[in-house]
Amino acid sequence: MKQFLLFMAMMPFCAMATSITGIKADGNTKVFNLDEVSSIKVDGESALAVNTRSGEVNGGYQVIKFSETISKAEASKSDIAVKVYPNPVKSVLYLVGADADTKFEVVSTTGKVVMKGQGESVNVSSLASGQYVIVCDNKSVKFIKE
């Protein structure tokens, strides 16, 4: 079922994507040309594996991001909802649906902005354990820092 949901969630981008990037929890990445990929598999609850046509298995990814070419006429950046992963998080929070230019603010439960930045991920290791909200493109998502 998870494989089907992953496929369905990424399906609109498959026709436009030329590559995928596997992102591990420690921030290491690997880019695969879609011509090389035979399948993507969910291993357990949160790890993803990329199987290549040559039979190589590359596993342990937390996020698989498809390269995408979307014209402004098809979708504006404000139409794309940002999601966070993993949640709860220990060190690096990934902003799925964001890009390198996405600006964000992390807000505590008291309403204080505790972090600002931009990009596709946030190093939250310096934050105290607790609940926070990350605000990107006027959208907010709750997350828990372990």
Side-chain angles (χ1 to χ4, degrees), residues 1-34 36-37 39-52 57-146:
M1 181 65 166
K2 290 178 188 171
Q3 290 94 338
F4 178 74
L5 292 176
L6 176 67
F7 175 75
M8 292 304 292
M10 296 300 180
M11 196 169 144
F13 299 111
C14 290
M16 294 178 270
T18 58
S19 65
I20 60 171
T21 303
I23 304 171
K24 294 191 176 188
D26 63 5
N28 287 328
T29 63
K30 184 169 181 180
V31 178
F32 300 91
N33 184 319
L34 278 185
E36 301 169 2
V37 175
S39 66
I40 299 170
K41 178 182 168 192
V42 177
D43 289 336
E45 289 296 314
S46 62
L48 303 168
V50 176
N51 300 316
T52 64
V57 177
N58 296 274
Y61 296 110
Q62 301 298 308
V63 177
I64 300 288
K65 182 177 178 182
F66 285 75
S67 64
E68 52 192 86
T69 306
I70 301 176
S71 71
K72 290 183 181 181
E74 291 177 47
S76 70
K77 190 175 179 180
S78 64
D79 292 337
I80 301 171
V82 173
K83 297 182 183 193
V84 297
Y85 189 88
N87 192 7
V89 60
K90 290 183 181 179
S91 59
V92 179
L93 185 69
Y94 295 97
L95 309 176
V96 180
D99 59 29
D101 296 327
T102 301
K103 293 182 181 180
F104 62 81
E105 291 184 341
V106 177
V107 182
S108 70
T109 55
T110 62
K112 180 180 175 187
V113 176
V114 294
M115 189 179 287
K116 287 184 177 184
Q118 91 181 44
E120 300 172 304
S121 64
V122 184
N123 186 339
V124 295
S125 60
S126 63
L127 295 177
S129 296
Q131 294 184 1
Y132 295 88
V133 173
I134 188 162
V135 181
C136 302
D137 296 328
N138 296 321
K139 294 183 176 36
S140 59
V141 180
K142 294 179 187 178
F143 71 94
I144 298 170
K145 165 64 170 72
E146 287 185 333

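For the atom pair NZ of Lys139 and OG1 of Thr102, the computed distance is 11.0 Å after rounding to the nearest 0.5 Å. Taken from CD1 in Ile23 to CG in Leu48, the straight-line distance is 10.5 Å, to the nearest 0.5 Å.
Shown here for Pro86 and Leu93, the closest heavy-atom pair between the two residues is O-CD1, 3.4 Å. Closest approach of Ala98 and Gly119 over heavy atoms only: CB-O, 4.0 Å.
Applying the side chain to side chain contact (heavy atoms under 4.5 Å, CB included) rule to Val141 yields the partners Val84, Ile134; only residues at least two apart in sequence or on another chain are considered. Qualifying side-chain hydrogen bond (donor to acceptor under 3.5 Å, both in side chains) partners for Ser108, counting only residues two or more places apart in sequence or in other chains: Thr110. For Tyr132, the ring pair (Phe, Tyr, Trp, His ring centres under 6.0 Å) partners are Phe143, not counting sequence neighbours. Under the ring pair (Phe, Tyr, Trp, His ring centres under 6.0 Å) criterion, Phe32 pairs with no residue, sequence neighbours left out. Shown here are the side-chain hydrogen bond (donor to acceptor under 3.5 Å, both in side chains) partners of Thr29, two or more places apart in sequence or in another chain: there are none. Considering only residues two or more places apart in sequence or on other chains, Lys116 meets the salt bridge (charged side-chain N to carboxylate O under 4.0 Å, His left out) condition with Glu105. For Asn58, the side-chain hydrogen bond (donor to acceptor under 3.5 Å, both in side chains) partners two or more places apart in sequence, or in a different chain, are Lys30.
Of the possible donor and acceptor atoms, one in the side chain of Asn87 sits under 3.5 Å from a partner among the backbone N and O of Ile144.
Taking 4.5 Å as the limit, some side-chain heavy atom of Leu95 sits within range of a side-chain heavy atom of Val122. In this structure the side chain of Lys112 never reaches within 4.5 angstrom of the side chain of Val107, judged on heavy atoms.
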Which donor-acceptor pairs under 3.5 Å do the side chains of residues 124-131 make with protein atoms, sequence neighbours left out?
unit_1, atom_1, unit_2, atom_2, d
Ser125, OG, Asn123, OD1, 2.7
Ser129, OG, Glu146, O, 3.3

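Among residue pairs with one or both ends in residues 87-125, none qualify as ring pair (Phe, Tyr, Trp, His ring centres under 6.0 Å); sequence neighbours excluded.
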